[in-house]
Amino acid sequence: MPEIKVNDLTHTFGKGSPNALTVLEGIDLTFETGSFNTIIGTSGCGKSTLLKMMAGLFDPSDGEMTLDGTVIKGTDRRRGMVFQQDAVFPWMTVAKNISYGPRLRGASKSDQREIETKWAKMVGLTGFEDRWPRELSGGMRKRVDIGRVYANDPDVLLMDEPFGALDAQTKERMQSDLLETWSTTKKTVVFVTHDIEEAIFLSDNIIVLSSRPGRVHHIEKVTLPRPRSNEMRLTEEFLEIKRRLWGMLDH
Ligand SMILES: Nc1ncnc2c1ncn2[C@@H]1O[C@H](COP(=O)(O)OP(=O)(O)OP(=O)(O)O)[C@@H](O)[C@H]1O
Ligand SMILES: [Mg+2]
């Protein structure tokens, strides 16, 4: 059964007002259970808007989104989102940020410690568990954010340019770690990036949106074998997809 469906969705900010802005138009998409999907498109085409509506932060002005056949309304911990801007709690240490969700749900102290250790390691922050966000770099804060969302164990992972602020090496490591985690947990992922190579490396499906108002311009099915390795980035098949997608984006 398809997990998330987007049915003829259009979104206009300030609908009916003189400043109305239609950001997305006539979007139909299906994200199968356990698939890895990436949305690419030029700045301002509505990628973050689409993701926020999937998270349930606001409703589309027309059309709907469903999860397992139920219309998405409001936020739910089944749908976890890593925001484009970092959203760490400045008044909590790294560890407390990471275990925030499980703590709210009443996890025992020892379970919290275990979660903090596991996910701090996964996002490369071992040794920084007791630091405050203000003591971290921008990229490290971003990794706290990611750790907190992973630790919450959602069924659907919505990630808005999560690795955009990271250096090339950290980014590649985080991509590989994400794929490893995804392959064992089989969450449905909807990921947004500006980085075509990142999109190909990670995805089963790449959705190319046109410029504002964003419409579905193309869906690329990536059939590169899994598990993916960094060497694959240099194969002819990979580069051919890269060339094709590059040609589709407005520069
Ligand atoms: N709350 C809002 N009210 C009014 N307009 C908004 C709001 N949020 C976003 N927009 C507008 O909607 C358009 C799409 O924004 P969005 O953030 O979805 O783009 P994006 O594709 O994520 O861009 P980027 O790649 O730069 O992150 C932009 O023109 C933006 O100004
Ligand atoms: Mg955005």
Side-chain angles (χ1 to χ4, degrees), residues 4-29 31 36-65 67 72-75 79-88 138-139 141-146 148-149 154 156-168 171 174-175 178 188-203 205-220 242 245-251:
I4 307 174
K5 271 185 163 274
V6 180
N7 302 318
D8 197 15
L9 179 144
T10 292
H11 190 67
T12 304
F13 282 110
K15 195 177 175 187
S17 80
N19 297 328
L21 183 72
T22 298
V23 176
L24 294 161
E25 200 162 68
I27 308 278
D28 281 307
L29 288 168
F31 301 110
F36 201 118
N37 310 275
T38 297
I39 301 172
I40 60 172
T42 46
S43 180
C45 75
K47 304 179 297 295
S48 296
T49 304
L50 188 62
L51 225 58
K52 285 178 193 165
M53 288 192 286
M54 279 189 214
L57 293 169
F58 51 88
D59 295 334
S61 45
D62 291 284
E64 62 179 21
M65 299 185 170
L67 176 60
I72 292 175
K73 274 260 173 229
T75 55
R79 287 171 272 119
M81 175 142 175
V82 178
F83 289 91
Q84 191 167 1
Q85 289 86 12
D86 84 61
V88 294
R141 273 200 301 276
K142 192 78 223 166
R143 285 184 272 148
V144 175
D145 243 2
I146 295 168
R148 189 180 53 190
V149 175
V156 176
L157 200 48
L158 306 166
M159 304 182 84
D160 196 352
E161 302 192 39
F163 306 148
L166 306 178
D167 63 274
K171 190 172 178 167
M174 297 281 288
Q175 290 167 353
L178 170 60
T188 307
V189 182
V190 185
F191 191 99
V192 168
T193 183
H194 278 281
D195 181 337
I196 296 177
E197 186 171 317
E198 176 169 75
I200 304 168
F201 182 73
L202 295 174
S203 312
N205 305 296
I206 301 173
I207 295 103
V208 184
L209 293 185
S210 62
S211 316
R212 202 180 62 228
R215 298 163 194 260
V216 178
H217 175 66
H218 173 77
I219 299 178
E220 180 79 29
K242 192 170 172 180
L245 294 177
W246 181 253
M248 279 179 206
L249 294 178
D250 307 322
H251 302 296

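Both counts, for ligands and for their atoms, begin at 1 and track the order of listing. Throughout, residue positions are numbered sequentially from 1 according to the sequence presented.
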Would you say the Mg ion (ligand 2) has Q84 as a near neighbour, meaning an N/O/S atom of that residue under 2.8 Å away? yes

Short N/O/S contact of S48 with the Mg ion (ligand 2) (below 2.8 Å): yes

So if I apply the side-chain contact (heavy atoms from CB on, under 4.5 Å) rule between Q84 and each of E161, K142, K52, which one comes out positive? E161

So, applying side-chain contact (heavy atoms from CB on, under 4.5 Å) with N37, which one of I207, L202, I206 is it? I207

Hey, which atoms in ligand 1 end up nearer than 4.0 Å to a heavy atom of [X]?
X: Q84; value: 27 (O)
X: E161; value: 25 (O), 27 (O)
X: G46; value: 14 (C), 18 (O), 19 (O), 20 (P), 21 (O)

From [atom1] ([X]) to [atom2] ([Y]), nearest 0.5 Å:
X: L157; Y: T188; atom1: CG; atom2: OG1; answer: 9.5 Å
X: F191; Y: L158; atom1: CZ; atom2: CG; answer: 12.0 Å
X: I4; Y: R79; atom1: CD1; atom2: CZ; answer: 8.0 Å
X: C45; Y: L50; atom1: SG; atom2: CG; answer: 9.0 Å

Minimal non-hydrogen separation, G14 against A20, with atom names: O-CB, 3.4 Å

Which pair of non-hydrogen atoms, one from M53 and one from P60, has the smallest distance, and what is that distance? SD-CA, 3.4 Å

Measure the distance from [atom] to every protein heavy atom, then report the residue, atom name and distance (to 0.1 Å) of the closest one.
atom: atom 29 (O) of ligand 1; value: R212 NH1, 2.9 Å
atom: atom 3 (N) of ligand 1; value: F13 CD2, 3.5 Å
atom: atom 17 (O) of ligand 1; value: S48 CB, 3.6 Å
atom: atom 11 (C) of ligand 1; value: L21 CD2, 3.8 Å
atom: atom 12 (O) of ligand 1; value: V23 CG2, 3.3 Å
atom: atom 26 (O) of ligand 1; value: S43 OG, 2.6 Å
atom: atom 18 (O) of ligand 1; value: T49 OG1, 2.5 Å

Among A20, G44, C45, G41, the residue with a heavy atom nearest to atom 14 (C) of ligand 1 is G44

Please confirm whether H194 comes under 4.0 Å of ligand 1, counting heavy atoms of the residue only. yes

Steps toward side chain to side chain contact (heavy atoms under 4.5 Å, CB included) verdict (L209, K47): CA-CA 8 Å; L209 293 185; K47 304 179 297 295; 4.3 Å; yes

What part of L209 sits under 4.0 Å from ligand 1 if we count only heavy atoms: the side chain, the backbone, both or neither? neither

Side-chain donor or acceptor of S210 paired with backbone N/O of R215 under 3.5 Å: yes

